[in-house]
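Each chain gets a letter, A, B and so on, in the order its sequence line appears, and its residues count up from 1.
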Amino acid sequence: MNAVEIEEAISALAEQPFDPDEFPYAFLEAFGRKSTEIKRLRSGHSNKSDLDGVLQRNHIHIKTCALGTVKETLDALRDSAATAKGKAKFILATDGQTLEAEDLSSDVPPIVCDYPEFPDHFGFFLPLAGISTVKQIRESAFDIKATGRLNRLYVELLKDNPEWGTSERRHDMNHFMARLIFCFFAEDTDIFSKADLFTSTIETMSAPDSSNTHEVIGELFKAMNTKPEDRAGAGRARWASVFPYVNGGLFSGSTDVPRFSRISRSYLLHIGNLDWKKINPDIFGSMIQAVADDEERGALGMHYTSVPNILKVLNPLFLDDLREKLEEAGDNTRKLLNLRNRMARIRVFDPACGSGNFLVIAYKEMRAIEAELNQRRGEGDRRSEIPLTNFRGIELRDFPAEIARLALIIAEYQCDVRHRGQKEALAEFLPLDAKNWITCGNALRLDWLSICPPTGTGVKMHSEDLFSTPLDQAEIDFENEGGETYVCGNPPFKGARKQSAEQKSDLAFIFQGGNDYKDCDYVAGWYLKGAAFLTVTKGALAFVSTSSVCEGEQVQHIWSRVFDSGSKIIFAHRPFAWRNNASNIAMVTCVIVGLGADTARVLGVFDDETLKHCHSVSPYLIPGEPIFVTAQKAPVSANLNQIVSGSMPRDGGNLLLGNTEKQELEAKAPGASKFLRRYSGTSELTNGTIRWCLWIEDGDLGAAKAIPEVAERIRAVEAFRLQSKAKTTNGYARIPHKFAQRSHKNGNAIIVSATSSQNREYLPADWINDQVIVSNAAYVVYGGELSQFACLVSRLHLAWVATVCGRMKTDYRYSKTLGWNTFPIPPLTEKNKADLNRCAEDILLAREAHFPATIADLYDPAKMPADLRAAHDRNDEVLERIYIGRRFRNDTERLEKLFDLYIRMTTGKGKKAG
DNA sequence: GATCCGACATGGA
DNA sequence: TCCATGTCGGATC
């Protein structure tokens, strides 16, 4: 069940007469507990309550009680031994009049409410349904409720008016929904002259059989699109005359209304009776997207960007600066006036605005600054100078674009009420004068300059150089020329392998030449286009994006272009986990990157909210020069051998065997032993698990196939490869007895894991012998010397790999071309090599001394044995002395030196921008 | 619920 | 044909 469904179920339960015996089960059912679980609870089988209530282990302890004893009951539940033993997260007591509940697992304040109101707190219990969500969504019961109700209406209307669901009319449908939402909001906030005016007018004027509902609503919409003085002439119905003139793009155009059935009419009235004052424009947009989108509804608020995350973009981009200027101005009226004039000219542009989250927050924050400013100037009720039309957006999907516009209008009204007072807010709210300033279209194809033209030039720019097709739409003039433009947003992330053909072609269009776009995330398009935009606009830019744009492969493709176009990184947030909704949504790791023209001031790098000031930010989001490494085919350091990735089976698991599987096979077919080899990936290397693989040379194929069990496995590999959708894999079906990619060589070798936990201080690496087949989960240096092992397990190398290689989530991902081949080592003397060899031996000896501890045990930072740590310290000391004659102070210094050396060793291969 | 890391599609050379 | 990388979700404690 999703949040909307739960909200509906809970609301339905609260409307039923209270049944003390049934309530606990009905409550659990409403939160999506399975009927089998509930059956077992009813039978007492799994009910662990010691208070004659209902206790579902790990979830909740519920007890219904006699009138007036709720508090005592809750106390008893809290003190109950069973509550503790059953690890109940929640306790809940109710007598049918009041309801009290506590979340024992967190410090969320407890609930005390009248019984009929408890559905308003359903977010409190969402963890019962396995939905862990951010606070803002949990606390937005109203927005979830409204979304659910609107969706029901939407679906019902489309059922009765199928043509409204077609692509030609979908826009009308969405526009109609936006109008409805506006009217519901207006009638609950005194924007309409009487409370519930809209809903009650429909209720009284339309027939209960719903036959003329669409006409009544259409008449109201027409009235709101006609100036009062023109209404008589236009033949507007008299009963609609109490409605104000609204227009502002919202009511212009077609006033067609879909036809209503009895059911949809009753849904409509029901929705109208909700209290729309509670709507929260910060987030209602991202919720309400779910109304028109099945996928969104499954994961309510999946595009919700939390306010703190939005502020991570907006504060360093420009809001902090405005606040500083406000501080500096103190009570100096002249300075305050200058600041106000500056703010009135600022444009905020979100070229991936969704339902307008960033624009709404930017607007509200600026209004708060302006309000403080006006207070200091003694003009507390002054009309705002910040024009809504300076907040521009582009959004691909129609419904969110409609909602973005509406959310801004509502935000403006709410800001007026907050900062100036209800009376002033009302006096100037209507008619809406803003036209359509959220553009619906593909941001990577539209001309940003015509949507958000550069200011102060007096010249309308349309630049085909800026990767744009001209916009075929009337331009909306900005108010107040000559200001700064701040571009912000959270553009869609789509990995290179996840993009549709259109998205691929969007990127190809923006990258203009080269095919490195094929390896880039979709969000890269926004950075490139944004950087081009900055060349002609005064201002700055910052986007939230997937961390991979600043890791590994993509760095060279994206940032070389951004730097070449004359932008630099002015601030950045280091990778952070993006939690927005249900736990079933994959956790994404994000960064925020802020760009400015080459002349812009640089702020620094945020790591977990802490700002580290610096004069230059590297595309790897550390303080440092704008240098990036490019993939190298061979090691740039003379002392390193080639490294290869391990052998890749692509076998559907059929060539691989666990230890017991191997023993079973050998018991049945002793002849199979000669085809079995130890198989080592990362897990085998670090955790000491044992696996085996079938390794059959072409000449042995006949002998291998003579063993039925082996022949069967070979057939399974063939079948697996044939049914793969990758052409290359299909090709390997011809050699089903072999790994798809084979890099095995005989002889001793160094093995290093391809992925490693971020928590380790050294990369897991080891010596292996030639009996072992290394899997593609690891890399191997065949014939490498111990001194190379010493480099591999050094702190210096880890610092390099952590910075320039890709990542798996936040863990390290080793790379041949970016990690090993680029690692710069100064020329080594024979003595250097001998010293490093000794260090490597010492490390291996120290490990051996702790046999049978695994690498995972030995390298757990909390448990690392002192002798092993000392051996590593000596290794680091010896290696670092080769670089600078002493140990480095920290990783910052290590990276500075490494980048410097890298550039010197790759002249012409790595570029330095600027 | 945090931590770790496997398996392969994909596309470049 | 050969080979390197990102992905992100799944296994495992």
Undergrad: Mind calculating the distance between CD1 (A:I855) and C1' (B:dC4) to the nearest angstrom?
TA: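 It works out to 15 Å between those atoms.
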Undergrad: Decide whether A:H744 and A:S647 meet the rule of one side-chain donor and one side-chain acceptor closer than 3.5 Å.
TA: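 Per modelled atom types, A:H744 and A:S647 side chains form no pair under 3.5 Å.
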Undergrad: A:F90: which residues meet the ring pair (Phe, Tyr, Trp, His ring centres under 6.0 Å) condition with it, sequence neighbours left out?
TA: A:F124, A:F125
Undergrad: Report yes if at least one side-chain N or O of A:T817 is closer than 4.0 Å to OP1 or OP2 of C:dA4; otherwise report no.
TA: no
Undergrad: I need the OH-P distance between A:Y814 and C:dG6, as an integer number of Å.
TA: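 It is 13 Å, rounded to the nearest whole Å.
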Undergrad: Using salt bridge (Lys or Arg N to Asp or Glu O under 4.0 Å) as the criterion, list what pairs up with A:E684, not counting sequence neighbours.
TA: A:R691
Undergrad: Using a distance-only test with no angle check, is there a side-chain donor-acceptor pair under 3.5 angstrom linking A:W800 and A:T822?
TA: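 Side chains of A:W800 and A:T822: pair found under 3.5 Å.
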Undergrad: Starting at atom CD of A:Q642, determine the distance to atom P of C:dC3, rounded to an integer number of angstrom.
TA: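 It works out to 11 Å between those atoms.
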Undergrad: Can you list everything that forms a side-chain hydrogen bond (donor to acceptor under 3.5 Å, both in side chains) with A:D506? Sequence neighbours excluded, please.
TA: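 A:D506: side-chain hydrogen bond (donor to acceptor under 3.5 Å, both in side chains) contacts with A:N442, A:R445, A:Y522.
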Undergrad: Which whole-number value in Å describes the distance from A:W820 CH2 to C:dC3 P?
TA: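 Value for this atom pair: 18 Å.
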Undergrad: Are OP1 or OP2 of C:dT5 and a side-chain N or O of A:Y779 less than 4.0 angstrom apart?
TA: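 For A:Y779, the contact criterion (side-chain N or O under 4.0 Å from OP1 or OP2 of C:dT5) is met.
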Undergrad: Over the length of the helix from B:dG1-C:dC13 to B:dA13-C:dT1, how much do the five-pair end axes diverge, rounded to 10 degrees?
TA: 20°
Undergrad: Give the rounded distance in Å between these two atoms: CZ of A:F739 and C1' of C:dA4.
TA: 17 Å
Undergrad: Using a heavy-atom cut-off of under 4.0 Å over every strand shown, decide if A:R721 touches base, sugar-phosphate, or nothing.
TA: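 No contact.
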Undergrad: Taking side-chain hydrogen bond (donor to acceptor under 3.5 Å, both in side chains) as the definition, give me every residue that meets it alongside A:S680, ordered by chain and number, with sequence neighbours left out.
TA: none
Undergrad: Does a nitrogen or oxygen in the side chain of A:N687 sit under 4.0 Å from OP1 or OP2 of C:dT12?
TA: no
Undergrad: Run the salt-bridge test on A:R795 and A:D891 with the 4.0 Å N-O cut-off and return the result as yes or no.
TA: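 Salt bridge: yes.
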Undergrad: Report yes if at least one side-chain N or O of A:K809 is closer than 4.0 Å to OP1 or OP2 of C:dC8; otherwise report no.
TA: no
Undergrad: If the sugar-phosphate is the primed atoms plus P, OP1 and OP2 and the base is the rest, what is the B/S/- string for nucleotides 8-13 of chain B, using protein heavy atoms under 4.0 Å?
TA: BBBBS-
Undergrad: Rounded to whole angstrom units, what separation is found between the CD atom of A:E684 and the C1' atom of B:dC5?
TA: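 Taking atom C1' of B:dC5 as the reference, CD of A:E684 is at 10 Å.
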Undergrad: State which residues pass ring pair (Phe, Tyr, Trp, His ring centres under 6.0 Å) with A:Y814; sequence neighbours excluded, sorted by chain then number.
TA: A:Y779, A:H797
Undergrad: My understanding is that only residues two or more places apart in sequence, or in another chain, count here; which of them pass side-chain hydrogen bond (donor to acceptor under 3.5 Å, both in side chains) with A:Q758?
TA: A:T810
Undergrad: Is A:S757 close enough to B:dC4 that one of its side-chain N or O atoms is under 4.0 Å from OP1 or OP2 there?
TA: yes
Undergrad: Can you list, in residue-number order, the parts of residues 711-719 of chain A that come under 4.0 Å of DNA chain B, counting heavy atoms only?
TA: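 Under 4.0 Å from DNA chain B: no residue of residues 711-719 of chain A.
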Undergrad: Under 4.0 Å, heavy atoms only, any strand: does A:G552 hit a base, just the sugar-phosphate, or nothing?
TA: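 A:G552: backbone/sugar contact only, no base atoms under 4.0 Å.
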Undergrad: Between A:K494 and A:S743, which is nearer to the 5' end of DNA chain C once each is assigned its nearest nucleotide?
TA: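 Its nearest nucleotide lies further toward 5', so the answer is A:S743.
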Undergrad: List the atom pairs, with distances to 0.1 Å, where a side-chain N or O of residues 712-721 of chain A and a protein N or O form a donor-acceptor pair under 3.5 Å, not counting sequence neighbours.
TA:
residue: A:E712; atom: OE1; partner: A:R715; partner atom: NE; Å: 3.3
residue: A:E712; atom: OE1; partner: A:R715; partner atom: NH2; Å: 3.0
residue: A:R713; atom: NH1; partner: A:N654; partner atom: O; Å: 2.9
residue: A:R713; atom: NH1; partner: A:L656; partner atom: O; Å: 3.3
residue: A:R713; atom: NH2; partner: A:E661; partner atom: OE2; Å: 3.2
residue: A:R721; atom: NE; partner: A:R650; partner atom: O; Å: 2.8
residue: A:R721; atom: NH1; partner: A:Y732; partner atom: O; Å: 2.9
residue: A:R721; atom: NH1; partner: A:I735; partner atom: O; Å: 3.1
residue: A:R721; atom: NH1; partner: A:K738; partner atom: O; Å: 3.1
residue: A:R721; atom: NH2; partner: A:P649; partner atom: O; Å: 2.7
residue: A:R721; atom: NH2; partner: A:K738; partner atom: O; Å: 2.8

Undergrad: Establish, from distance only, whether the side-chain atoms of A:D607 and A:H573 form a donor-acceptor pair under 3.5 Å.
TA: no
Undergrad: From NZ of A:K745 over to C1' of C:dC2, roughly how many Å is that when rounded to an integer?
TA: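 After rounding, the gap between these two atoms is 14 Å.
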Undergrad: Just call it for A:T686: base, sugar-phosphate, or nothing, with non-hydrogen atoms closer than 4.0 Å on any strand.
TA: sugar-phosphate
Undergrad: May I ask you to evaluate whether A:S548 reaches the phosphate of C:dT7, defined as a side-chain N or O under 4.0 Å from OP1 or OP2?
TA: yes
Undergrad: Go through the structure and list residues passing salt bridge (Lys or Arg N to Asp or Glu O under 4.0 Å) with A:K727, not counting sequence neighbours.
TA: none
Undergrad: From the set C:dC2, B:dT3, B:dC5, return the single nucleotide nearest to any side-chain atom of A:Y732.
TA: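 Within the option list, the nearest is C:dC2.
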Undergrad: May I have the distance from A:R691 (atom CZ) to B:dG6 (atom P), rounded to whole angstrom?
TA: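 Whole-Å distance recorded here is 7 Å.
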Undergrad: Is any side-chain N or O of A:R760 closer than 4.0 Å to OP1 or OP2 of B:dC5?
TA: yes
Undergrad: Could you work out, with side-chain hydrogen bond (donor to acceptor under 3.5 Å, both in side chains) as the rule, every residue matching A:D860, not counting sequence neighbours?
TA: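 Checked A:D860 against side-chain hydrogen bond (donor to acceptor under 3.5 Å, both in side chains); zero matches.
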